[in-house]
There are 2 protein chains.
Amino acid sequence: MKIALLQPFTIERNVSMREDILKASDLKTTKNRLAILNILDASSGPMTAEEVYSIVAKEVQMSLSTAYRTLGTLSDKGILLKNLSQDGKTYYQFNNHQHKHQLVCTMCSETISIDDCPLTCMEETLIRRTGFIITGHSLEFLGICPKCTGGIKE
Amino acid sequence: MKIALLQPFTIERNVSMREDILKASDLKTTKNRLAILNILDASSGPMTAEEVYSIVAKEVQMSLSTAYRTLGTLSDKGILLKNLSQDGKTYYQFNNHQHKHQLVCTMCSETISIDDCPLTCMEETLIRRTGFIITGHSLEFLGICPKCTGGIKE
DNA sequence: GTAACTGCAAATCTTTTGCACCGAA
DNA sequence: TTCGGTGCAAAAGATTTGCAGTTAC
């Protein structure tokens with residue numbers, strides 16, 4: 001019973017945190033936006049619009065184009081990171097300055113998240129050399145996972 | 001006059017080198033394929049299918065779908081590197097083990113090639129940790145170039 | 001001669017957009 | 001009340017594909 005009560009409390013707290021995030025970016029608080037932030041917050045890695053949509057659609061009524069528009073808006077505001085992957089789909093993740101990259105198996109699509117990003121140092125070099133302001137980067141590794149390697153003749 | 005003669009000789013030599021490349025991959029030698037290899041070899045960085053096509057179409061008669069098919073085939077054989085960029089277009093470059101990444105201005109699309117790739121060391125770590133065979137990676141930096149920075153109010 | 005290559009047009013897939021309606025502030 | 005947000009359907013843009021004709025070997 002105590003545990004049952006704990007859950008709603010946590011959700012409530014998160015909801016108000018997310019309202020603050022939206023308010024700070026001059027965005028109206030809507031069921032749809034909260035639901036999307038909710039799902040991405042719970043996710044362990046980047047998700048496609050389609051994935052977000054298929055989960056969110058179970059909770060609230062939302063069209064796919066709204067999912068795209070919302071994800072786009074949140075990315076423009078810097079709340080999310082947006083990233084076109086080698087599979088042709090765009091992945092979204094919370095921009096919490098602890099972003100992740102992916103290692104994807106080209107045979108079965110198994111995906112592993114890479115926690116540490118080695119590019120900060122390289123960005124500093126680029127800034128010095130080019131005068132660019134660096135606003136982001138995309139990095140993805142492709143390979144063949146151990147399960148699939150088993151099937152390759154040597 | 002001597003210089004004028006030098007050029008055809010060089011082209012001849014390159015053509016036969018490219019025939020060897022195709023033969024080694026069990027691909028027939030066609031005007032189209034030679035033209036595409038030619039253009040990518042002369043290019044200083046990765047090119048889109050559209051760019052390759054628009055240049056190649058001046059020299060030989062070729063359809064856009066053939067350009068796509070040829071670039072795809074050459075990539076499958078490992079002759080080219082294929083890379084979906086954050087702008088939604090696929091870029092192709094010679095796979096000469098000296099591949100380049102790009103730094104792209106999100107305002108004017110000015111693009112700078114990055115010659116040294118810092119990822120080899122990271123790939124070794126990933127191999128150890130995940131058991132994947134790493135077959136490739138994509139890396140791209142986005143930013144705002146000095147020309148465009150001038151327009152931003154501080 | 002035959003399998004591989006090519007051109008054309010149509011299809012595919014993801015993402016974006018126009019427009020009319022709806023809802024948060 | 002008023003913009004901004006949303007749904008629907010249609011458009012967009014890059015790439016792929018089916019099929020019939022052509023070419024390298």
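Atom set for the values below is all heavy atoms of this structure, side chains included, hydrogens, waters and symmetry mates excluded. Below, read A as the first sequence line, B as the second, and so on, with proteins coming before strands; counting in each chain starts at 1.
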Output yes when at least one side-chain N/O atom of [X] is less than 4.0 Å from OP1 or OP2 of [N], else no.
{"X": "A:Asn32", "N": "D:dT6", "value": "yes"}
{"X": "B:Thr30", "N": "D:dT23", "value": "no"}
{"X": "A:Thr66", "N": "D:dT6", "value": "no"}

To 10°, what angle do the rotation axes through the five end pairs on each side of the helix from C:dG1-D:dC25 to C:dA25-D:dT1 form?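 Between the first-five-pair axis and the last-five-pair axis there is 30°.
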Please tell me whether A:Ser43 and A:Gln93 have a donor and an acceptor in their side chains that are separated by less than 3.5 angstrom.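 On atom types as modelled, these side chains do not qualify, holding no pair under 3.5 Å.
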Contact state string [nucleotides 10-17 of chain D, B base, S sugar-phosphate only, - no protein heavy atom under 4.0 Å]: ----SBBB
Hydrophobic cluster of B:Leu84, others only, ordered by chain and residue number, side-chain cut-off 4.5 Å: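 Hydrophobic cluster check, B:Leu84: joined to A:Leu84.
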Using whole Å, report how far CG of B:Asp26 lies from P of C:dA4.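 Value for this atom pair: 10 Å.
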Figure out the CG/C1' separation between A:Leu71 and C:dT17, and round it to whole Å.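 To the nearest whole Å, that distance equals 17 Å.
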Contacts under 3.5 angstrom, residues 47-59 of chain A side chains, donor-acceptor by atom type, not counting sequence neighbours:
unit_1	atom_1	unit_2	atom_2	d
A:Thr48	OG1	A:Glu51	N	3.0
A:Glu51	OE1	A:Thr48	N	2.9
A:Ser54	OG	A:Glu51	O	3.1

Listed by chain and number, what are the side-chain hydrogen bond (donor to acceptor under 3.5 Å, both in side chains) partners of [X], not counting sequence neighbours?
{"X": "A:Ser138", "result": "B:Gln86"}
{"X": "B:Ser63", "result": "B:Ser65, B:Thr66"}
{"X": "B:Asp76", "result": "none"}
{"X": "B:Tyr91", "result": "B:Asp87"}

Once salt bridge (charged side-chain N to carboxylate O under 4.0 Å, His left out) is applied, do any residues pair with B:Lys100, and if so which ones, sequence neighbours excluded?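 Only B:Asp115 meet the salt bridge (charged side-chain N to carboxylate O under 4.0 Å, His left out) criterion with B:Lys100.
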For A:Lys82, salt bridge (charged side-chain N to carboxylate O under 4.0 Å, His left out) partners two or more places apart: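 Scan of A:Lys82 (salt bridge (charged side-chain N to carboxylate O under 4.0 Å, His left out), adjacent residues dropped) gives none.
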Where the side chain of A:Thr70 is concerned, which of D:dG5, D:dT6, C:dC5 is the nearest nucleotide?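 The answer is D:dT6.
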I want to verify a distance call: between C:dA25, C:dG7, C:dC5, whose nearest atom is closest to the A:Thr29 side chain?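 Among the listed nucleotides, the one closest to the side chain of A:Thr29 is C:dA25.
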Go nucleotide by nucleotide along DNA chain D from the 5' end; which of B:Leu27 and A:Lys31 gets its closest nucleotide reached first?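 Of the two residues, A:Lys31 wins.
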Listing request: all side chain to side chain donor-acceptor pair (under 3.5 Å) pairs with a residue in residues 26-36 of chain A, at least two apart in sequence or in separate chains.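 Those involving residues 26-36 of chain A do not exist here.
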Please find the pair of heavy atoms, one from B:Ile79 and one from B:Ser25, that lie closest to each other, and give the distance.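 Looks like CD1-OG, 3.6 Å.
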Name every residue in residues 53-60 of chain A that has at least one heavy atom under 4.0 Å from any atom of DNA chain C, in order of residue number, or write none if there are no such residues.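 None - not one residue of the stretch has a heavy atom sitting under 4.0 Å from the strand.
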